[in-house]
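Because the structure is a prediction, the values reported are computed rather than measured. Side-chain atoms are counted along with the backbone in the values below, which use heavy atoms only and exclude waters and symmetry mates.
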Amino acid sequence: MAGHIPEEKVDEIRQSTDIVDVIGGYVDLKKQGRNYFGLCPFHGENTPSFSVSADKQIFHCFGCGKGGNVYTFLMELEGYTFIQAVKQLAEQSDIDLPDQITDDEPSSKQSPESQSILEAHQWLAKLYHHLLRNSKEGKAAYQYLIDRGFTEETIKKYQIGFSPNSKDFVVTFLEKKGFHPQTMVKAGLLSANDHGEYTDRFRGRVIFPLRNHLGKTVAFAGRAMGEQEPKYLNSPETELFHKNRILYNFDLARASIRKQKTVVLFEGYVDVISADQAGVHNGVGTMGTSISTNQANLLKRYADKVIVCYDGDRPGVEAASKAAKLLKSVGCETFIARVPDGLDPDDFIQKHGGDRFQREVIETSDTYMSFMMSYLKRDYNLQIEGDRITYIEKILQEVAMLDRAVEREHYLNEIASEFEMSIDTLKEDIQRIRGQKPLPKDNEGQNRYTNRTSRLSIQNKLLPAFHNAERKLIAYMLKDPLIADKVQEEIGGAFNISDHQVIVTHLYAYYEDGNESDISQFVERLDDASLKNLAVELAMAPVGDEVSDQEIQDYISHIRAEQSDRTDIKSLEAELKRAEQQNEPIKAAEIAMKIIQRKKELKNT
């Protein structure tokens, strides 16, 4: 499981890491009893069913069923490979890893073709950057970037490059590296004409590598140097590159976002880079498209506050409104920065400098409601009674969507003052709107954890007695090696549920290797994700700290009884088959009735 990393090193890193601290960087966790709870980052939910155990160093969602240890969490949420997850946590814990371990382990989810395409992107990113600094044509592109305000440090940090205006230079380079031209066409790195000739898709352009959240280049954006059309050219979408999933600069901005709990959202990579030079290191950008729900949820996991900083012209303001609405809908505290004079962020920085950009644009961002009140006014003439009433109704719709009563009160007072209206009248309208659209009340969540527990109890009650017995028994076996030894002597792996058989078989081997009870370590032995989830679910089951020998024996008796009952039915089914073969219809009917009755009895036990 540990690949090229020694198992003892994997265990050392895991034991040096507090899973609550790691997951707490993504999920707002609140302590309830011995465990921590929050909204599951793996599926949409309004009430917390996601639980983290500090004692056991595992997590489990009672909603979607996902569970595991700290490595599993990072692999599931960030898309890390196992080695990448170990390296990430080793770095955080200041634990040295063997030098031969690399970052280039391919994800098992990727096809061989995608792995080849990923490798080609890494080679080309290095080549383009080298050519910018060391080729004759590249010097002109380099000077263009300097003239645009890019510093030497920035060019290196973002690995900005240049593709020469040559049809076959890059084609030859890729072929020598062993990459098939047709695959490179599919990857969007090369173009092909009707005569079967291949050319560099980005030739004659300044190149901006587009990286995924692990820092791997998965696409390129090219800007033409001369009259070449189109002026901007991006890679097409591939298995590796999805515009609605990747945020530009997220890999580099992640640490600043976590530290500040704030992220600044821009429309494009040039604005992000320019803002970074101006001291805004927590900026990310969409890839030329509107922000998606997937991207909004990603930002919500990392930041408490999102500042939308789009162009100051009308299309930019329209886009900012849409982005703000989406971010607000997924629960982000949303602010909108106003860039004056219709400028885009990069233009403002070039014209007025980074200090003014931070002071006058970022630090003076409007709250979501302040922005919406101003934004909606543009569509109405408030001197006309009909427009005024329509505007107020629109604003009340927005106010009603606010979760906190104090916010609603604040903006209702503002509206009442501006339009000389009764606050009570406005409150009545808010109550009516909220009645039509069920929204979270301020005290919602008081019964969330009780509800979660009761759902689990109901699920267990619906299971047959033997199934519940097996679940309870494994839960105790995961806590205590002595109980596992007793069960192994009594019934070995003879559990009735096949998944339970696999888990206990691994558990016996785990304890025989001299390991202590540690579910976080044990799940590393389970390669199948569904088995991992099940083992964690059983380990999180509410069982007592102490259990009597009689209770354990009762569970074993239920399991044995089910085995006996199943054996009886199999014996009757064999008799039925013989009776049918010997053409004894009356006897066959009697046996069939016994089988039905036996199954009915089992169903009711």
Side-chain angles (χ1 to χ4, degrees), residues 121 124-125 127-129 131-132 137-138 140-150 154-155 157-167 169-170 184-191 199-212 217-238 240-250 252 265-277 283-292 295 309-320 322-323 339 342-350:
H121 276 87
L124 269 188
L127 175 68
Y128 287 146
H129 183 64
L131 292 173
L132 177 73
E137 280 187 276
Y142 177 78
Q143 191 58 49
Y144 160 80
L145 291 169
I146 296 297
D147 293 342
R148 278 290 308 270
F150 291 87
T154 293
I155 292 171
K157 177 179 180 178
Y158 288 95
Q159 289 292 289
I160 302 172
F162 175 72
S163 176
N165 197 9
S166 166
K167 290 185 176 181
F169 184 86
V170 169
M184 297 299 97
V185 170
K186 186 176 180 180
L189 298 175
L190 300 180
S191 300
T199 56
D200 176 15
R201 174 185 175 91
F202 296 101
R203 65 187 183 278
R205 296 175 182 273
V206 174
I207 303 296
F208 295 84
L210 306 180
R211 301 177 306 275
N212 64 16
T217 300
V218 292
F220 295 106
R223 190 196 188 282
M225 286 291 296
E227 301 301 319
Q228 194 176 6
E229 292 294 337
K231 187 175 181 180
Y232 295 97
L233 181 65
N234 293 342
S235 294
E237 292 211 342
T238 65
L240 299 175
F241 177 57
H242 298 275
K243 293 179 182 178
N244 66 348
R245 295 182 191 173
I246 292 177
L247 288 165
Y248 183 76
N249 196 47
F250 185 80
L252 298 180
L265 178 68
F266 296 96
E267 281 188 282
Y269 52 86
V270 173
D271 289 337
V272 172
I273 296 172
S274 187
D276 182 53
Q277 285 191 163
V284 299
T286 52
M287 301 291 187
T289 59
S290 300
I291 187 171
S292 67
Q295 292 166 327
C309 187
Y310 284 4
D311 294 355
D313 58 11
R314 187 174 182 88
V317 174
E318 295 283 353
K322 292 178 182 177
V339 185
L343 298 174
D344 62 38
D346 176 49
D347 288 338
F348 184 94
I349 292 168
Q350 300 305 324

Taking side chain to side chain contact (heavy atoms under 4.5 Å, CB included) as the test, write out the residues that go with [X], two or more places apart.
X	value
Ile146	Tyr142, Gln143, Ile155
Arg148	Tyr144, Phe150, Arg223, Val270, Asp346
Asp276	Lys157, Tyr158, His281
Asn234	Ala221

**OP:** Carefully, step by step, assess Lys322 and Glu318 under the rule salt bridge (Lys or Arg N to Asp or Glu O under 4.0 Å).
**Re:** CA-CA 7 Å; Lys322 292 178 182 177; Glu318 295 283 353; over 6 Å; no
Is there side-chain contact between [X] and [Y], with heavy atoms separated by less than 4.5 Å?
X	Y	value
Thr154	Leu145	no
Ser163	Leu131	no
Leu265	Tyr310	yes
Leu240	Asn212	no
Phe220	Arg205	no

Among all residues two or more places apart in sequence or in another chain, which pass the side chain to side chain donor-acceptor pair (under 3.5 Å) test with [X]?
X	result
Ser290	none
Glu229	none
Ser292	Gln295
Tyr128	Asp200

Let me confirm one number: the [atom1]-[atom2] distance from [X] to [Y], rounded to the nearest 0.5 Å.
X	Y	atom1	atom2	value
Leu189	His121	CG	NE2	4.0 Å
Asn165	Arg203	CG	CZ	7.0 Å
Phe162	His129	CZ	NE2	14.5 Å
Ser274	Asp344	OG	CG	8.5 Å
Ile207	Leu127	CD1	CG	10.0 Å
Leu210	Lys243	CG	NZ	9.5 Å

Original post:
How would you list, by chain and number, every residue that makes a salt bridge (Lys or Arg N to Asp or Glu O under 4.0 Å) with Lys167, sequence neighbours excluded?
Top reply: none
**OP:** Return the set of residues passing salt bridge (Lys or Arg N to Asp or Glu O under 4.0 Å) with Asp347 (not counting sequence neighbours), or none when no residue passes.
**Re:** none
If you compare all heavy atoms of [X] against all heavy atoms of [Y], which two are closest, and at what distance to 0.1 Å?
X	Y	value
Ala224	Pro230	CB-O, 4.1 Å
Asn249	Gly283	ND2-O, 3.0 Å
Asp313	Gly316	OD1-N, 2.9 Å
Ser191	Val185	C-CG2, 4.3 Å
Leu247	Met287	C-CE, 4.1 Å

**OP:** Take Ile160 and Val206 through the side-chain contact (heavy atoms from CB on, under 4.5 Å) test and state the conclusion after the steps.
**Re:** CA-CA 7 Å; Ile160 302 172; Val206 174; 3.8 Å; yes
Original post:
Sub-3.5 Å donor-acceptor pair from the side chain of Glu267 to the main-chain atoms of Asp311, do we have one?
Top reply: yes
**OP:** Mark yes or no for whether Gln277, through its side chain, and Ile349, through its backbone, hold a donor-acceptor pair below 3.5 Å.
**Re:** no
Subject >> With sequence neighbours excluded, residues passing ring-ring contact (aromatic ring centres under 6.0 Å, His included) with Phe208 >> reply: Tyr269
**OP:** Go through the structure and list residues passing ring-ring contact (aromatic ring centres under 6.0 Å, His included) with Phe266, not counting sequence neighbours.
**Re:** none
Subject >> Identified side-chain contact (heavy atoms from CB on, under 4.5 Å) counterpart of Ile291 within the set Val284, Asn244, Thr286 >> reply: Thr286
Original post:
Would Leu190 and Arg201 count as a side-chain contact (heavy atoms from CB on, under 4.5 Å) if you check the C-alpha gap in whole Å, the side-chain angles of each, and the deciding distance to 0.1 Å?
Top reply: CA-CA 5 Å; Leu190 300 180; Arg201 174 185 175 91; 5.8 Å; no
